[in-house]
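To start, the structure under review is shown below, and the notes come after it.
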Number of protein chains: 4
Amino acid sequence: MTSDSRPLSRAERKKQELRGEIINAAFDCFADLGYHAAGISDIAARLGIGHGTFYRYFQNKRDIVDHVIDDLVTRIMTALTAENAPDAVSTLDAYRAQTERIGDSLARIFADDPRVPRLLLLEAAGIDKAMADRVLEFLNTATALTAAYLSHGVELGYLRPDLDVENTARAINGMIMAGALASLDAPTADQQRQFSEAVRRLMYDGIAAHL
Amino acid sequence: MTSDSRPLSRAERKKQELRGEIINAAFDCFADLGYHAAGISDIAARLGIGHGTFYRYFQNKRDIVDHVIDDLVTRIMTALTAENAPDAVSTLDAYRAQTERIGDSLARIFADDPRVPRLLLLEAAGIDKAMADRVLEFLNTATALTAAYLSHGVELGYLRPDLDVENTARAINGMIMAGALASLDAPTADQQRQFSEAVRRLMYDGIAAHL
Amino acid sequence: MTSDSRPLSRAERKKQELRGEIINAAFDCFADLGYHAAGISDIAARLGIGHGTFYRYFQNKRDIVDHVIDDLVTRIMTALTAENAPDAVSTLDAYRAQTERIGDSLARIFADDPRVPRLLLLEAAGIDKAMADRVLEFLNTATALTAAYLSHGVELGYLRPDLDVENTARAINGMIMAGALASLDAPTADQQRQFSEAVRRLMYDGIAAHL
Amino acid sequence: MTSDSRPLSRAERKKQELRGEIINAAFDCFADLGYHAAGISDIAARLGIGHGTFYRYFQNKRDIVDHVIDDLVTRIMTALTAENAPDAVSTLDAYRAQTERIGDSLARIFADDPRVPRLLLLEAAGIDKAMADRVLEFLNTATALTAAYLSHGVELGYLRPDLDVENTARAINGMIMAGALASLDAPTADQQRQFSEAVRRLMYDGIAAHL
DNA sequence: CATGAATGAGTATTCATTCAT
DNA sequence: CATGAATGAATACTCATTCAT
């Protein structure tokens with residue numbers, strides 16, 4: 001099975017490796033300088049390769065930023081879904097624990113490298129109409145995922161039966177975005193956790209007093 | 001009364017008028033084409049003026065986008081504060097009504113011209129490091145404002161005494177952002193209202209079932 | 001006689017006055033900033049007039065610089081000729097005294113306002129092919145004048161009969177130029193006089209020892 | 001020996017070659033059109049290269065003119081010093097012969113390519129304050145060199161002991177400048193030689209009659 | 001396959017000049 | 001007649017992309 005992909009070994013592996021390194025270098029450059037200010041030569045220089053080489057791995061500047069964003073989106077979507085399928089829980093407490101795990105997971109990503117939210121939420125949309133659409137689409141996808149969690153909860157009865165699933169999901173995602181943006185100024189894991197907790201309190205207890 | 005400001009009349013008034021028109025045209029261009037894709041000539045062409053004229057009113061391309069953003073920020077901050085001072089209410093119901101008014105106000109702005117949230121939330125941050133900072137700063141200011149509302153509520157006892165005011169404010173603003181972004185895809189006033197309602201339900205009732 | 005030029009009086013006099021002031025202001029600007037760096041608005045601003053007014057007095061930027069240079073050339077040619085006609089002297093001593101007077105006269109001009117030699121010798125030729133020609137023409141005129149002095153001396157026998165009048169005149173003018181340029185670095189009247197003296201010693205005694 | 005500098009060979013040599021050609025083309029353009037009238041595209045067009053290529057070799061327009069002037073200055077200073085060290089002679093006759101050689105050398109440069117003195121003496125100073133300073137500095141350097149020759153002569157006793165070395169050197173250089181400028185109108189080698197001779201007669205015999 | 005020299009499309013900006021007020 | 005708002009020609013410079021070596 002895997003044997004027929006082996007012949008590419010030596011060379012092909014090197015190639016894939018460099019390709020990955022270019023994506024990482026591009027990520028660094030775009031995050032540090034901004035997409036428009038970063039040049040192909042900056043990316044190449046960071047790797048010590050000729051900038052002509054870049055074009056052996058990617059069509060053009062616009063091409064690579066797509067791959068960079070792909071990377072980020074994948075990283076985040078993985079955190080959101082990994083071992084936390086929407087239908088994995090069946091009680092409110094379990095759900096709350098699940099959301100906490102997801103929150104922590106995201107917090108770790110954002111705190112680990114604030115350039116991730118910076119690129120995704122600040123830089124990306126300014127690149128292009130197309131990229132702005134991609135960002136919105138990503139948010140919609142994330143919303144759909146959140147909505148799936150909520151739907152499951154409504155179906156199983158541990159969430160309000162009259163919950164406006166779609167809009168609530170959107171609102172929850174907005175809070176996550178706010179957390180991500182907050183991590184740009186104060187990327188403390190602690191601060192992240194507190195924000196996460198505040199969101200959960202909001203979701204489960206509301207803001208009103210006695211009730 | 002107004003007579004002493006009249007001397008500037010004729011010419012000066014025309015000048016201010018054109019200045020405003022340039023800001024509007026620039027807003028249109030940046031929203032339609034994106035900051036980087038929009039040229040000074042696009043702005044000038046839209047007004048039927050020579051592009052040299054532009055430079056009589058603004059230092060350079062970077063200069064005007066600041067004014068455009070100023071406009072948007074002012075428009076939004078006005079909506080957030082006008083006749084809705086943080087200390088204007090003293091009961092939960094009144095507060096809820098107040099948040100509803102504010103939400104409607106924002107919804108109107110976003111629905112009226114979806115280019116406002118598009119430029120502010122998608123385009124602006126990608127222009128520049130400096131502009132990205134301005135956007136974050138704007139969000140922080142908005143958060144501080146929301147926090148003031150919440151603080152007032154905690155002090156008067158109609159909001160949870162253990163409310164994490166700062167982070168909750170941030171979370172609420174995140175939801176507003178999500179609403180603004182949603183208005184890009186579906187700028188229906190109706191949809192806005194529903195989202196707004198979902199947020200309020202979330203804030204006051206939480207998402208859990210029985211409770 | 002003069003009565004028929006009077007009607008223009010009031011207005012016309014004012015006009016000529018302003019015209020002169022514009023020339024002076026232009027001289028200042030061109031000397032301070034250089035012809036290319038100086039703008040019409042700089043000239044107008046220096047006089048506190050609108051820059052549109054400039055065009056009521058001069059065709060264009062190129063036009064006025066001609067007038068400015070005219071001024072300088074006239075000032076210098078006047079010094080070179082005033083009460084010092086080529087045929088005014090008839091002995092070597094008298095000639096030497098004459099050259100000394102002329103030298104002093106020039107030294108005074110250059111020391112008074114180093115911007116005169118700067119504009120004429122450094123700035124002017126770089127403006128234009130046409131202006132470069134004018135500068136060369138001016139030098140040629142000055143050379144012709146000097147040659148006239150020398151011719152007179154040869155004819156009257158107090159200068160070498162085999163003097164290469166033309167080339168010697170050119171050489172002498174070169175020394176004057178050198179003096180003018182030197183005045184840019186050290187515009188001391190004293191230094192000017194010493195240079196002047198060195199030139200005269202060279203002209204009359206040569207540089208060799210015994211002789 | 002030269003083998004270890006060879007590695008740069010192929011490509012590097014081509015590069016240096018093109019660099020030199022650009023300098024020459026720039027020299028042509030600046031001399032023909034004047035610095036301000038000449039565009040980068042003129043330089044590139046003259047070589048049949050893309051104007052972007054220019055910027056691979058020089059920072060900007062101002063950068064290259066410095067190199068062009070460097071070239072000229074070097075060419076002239078070389079002629080002034082090559083095999084003609086100030087202390088190479090010890091008698092008046094030998095000195096006179098030396099000055100003749102130097103004069104011839106310069107005459108050849110100026111007659112060969114009148115664009116050299118044109119650019120250096122007419123065009124350059126009008127470019128910039130900085131370039132005007134460079135020109136003056138160049139003249140000062142040349143003066144210092146001439147002064148060294150004269151000092152040597154005074155010390156060895158074949159030049160007047162009371163010679164004002166500094167100012168005489170300046171005066172002599174002024175005559176050279178005049179010769180250079182004269183070559184613009186009549187770049188005949190013959191005319192140059194005559195001028196040169198007139199200067200030497202002036203320096204050694206003065207202008208006065210019998211004496 | 002890596003390289004980097006060559007390229008030129010694209011654009012912000014300046015400033016002399018005009019002309020309506 | 002003075003003014004300065006409007007104008008647009010003119011140009012230096014950048015950088016993504018190509019392709020010969």
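A quick note: this is a predicted structure, and the numbers were derived from the prediction, not measured. Proteins come first, then strands; the chains are lettered A, B, ... in the order of their sequence lines, and each starts at number 1. The figures here come from the full heavy-atom set of this structure, side chains too, leaving out hydrogens, waters and symmetry mates.
Note: NE2 (His36(A)) to P (dT11(E)) measures 13 Å, nearest angstrom. Remark: C1' of dT17(F) and CD1 of Ile64(A) are 15 Å apart, rounded to the nearest angstrom. Rounded to whole Å, atom P of dA16(E) lies 13 Å from atom CD1 of Ile127(C). To the nearest angstrom, C1' of dG4(E) lies 12 Å from CD of Glu12(D). Atom CD of Glu21(D) and atom C1' of dA5(E) are 15 Å apart (whole Å). Remark: P of dA16(E) and CD1 of Ile22(C) are 15 Å apart, rounded to the nearest angstrom. Atom CZ of Arg62(B) is separated from atom P of dA12(E) by 14 Å (rounded to the nearest Å). In this structure, Leu47(C) atom CG and dT3(F) atom P are separated by 10 Å, rounded to whole Å.
Where Leu18(C) and Gly39(D) meet DNA chain F, the nucleotide closest to each residue was compared, and Leu18(C) sits on the side nearer the 5' end. Mapped onto DNA chain E by nearest heavy atom, Tyr55(C) and Gly50(D) fall at different nucleotides, with Gly50(D) at the one closer to the 5' end. Across the interface with DNA chain F, nearest-nucleotide mapping of Ile40(D) and Ile40(A) shows Ile40(D) to be the residue nearer the 5′ end. A residue-by-residue look at Tyr35(C) and Ala38(B) shows that Ala38(B) has its nearest nucleotide of DNA chain E further toward the 5' end.
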Just do the salt bridge (charged side-chain N to carboxylate O under 4.0 Å, His left out) check on Arg134(D) and Asp66(D) with the steps written out, would you? CA-CA 9 Å; Arg134(D) 262 203 79 184; Asp66(D) 265 332; 3.2 Å; yes

side-chain contact (heavy atoms from CB on, under 4.5 Å) assessment of Leu122(A) paired with Leu136(B): CA-CA 9 Å; Leu122(A) 295 182; Leu136(B) 288 178; 4.1 Å; yes

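Note on Lys61(C): every side-chain N or O is 4.0 Å or more away from OP1 and OP2 of dC15(E). Within the 4.0 Å cut-off from OP1 or OP2 of dG4(F), not a single side-chain nitrogen or oxygen of Lys15(B) is found. In this model, the phosphate group of dA5(F) is approached by a side-chain N or O of Arg56(B) to a distance below 4.0 Å at OP1 or OP2. A sub-4.0 Å separation between OP1 or OP2 of dT3(F) and a side-chain N or O of Thr53(C) is present. Side-chain N/O atoms of Tyr57(C) include one lying less than 4.0 angstrom from OP1 or OP2 on dA2(F). Residue Lys14(C) has no polar side-chain atom (N or O) positioned under 4.0 Å from OP1 or OP2 of dC1(F).
Checking dC1(E) for Watson-Crick or G-U wobble geometry (two distances, each under 3.5 Å) identifies no partner in any strand. Within the shown strands, dC13(F) is the pairing partner of dG10(E) under the Watson-Crick or G-U definition, both distances less than 3.5 Å.
Heavy atoms of other residues, nucleotides or ligands lying less than 6.0 angstrom from NZ of Lys14(C) number 12 at most.
For the pair Lys61(B) and Tyr35(B), the cation sits on the ring face: its NZ or CZ lies under 6.0 Å from the ring centre, inside 45° of the axis.
His51(A) contributes a side-chain N or O that forms a donor-acceptor pair with the base of dA5(E) under 3.5 Å.
Side chain of Arg118(C) to backbone of Ala31(C): no donor-acceptor contact under 3.5 angstrom is found. Arg115(C) contributes no side-chain N or O that, together with a main-chain N or O of Phe27(C), makes up a donor-acceptor pair within less than 3.5 Å.
Heavy atoms of Ala44(A) sit nowhere under 4.0 angstrom from any nucleic acid atom.
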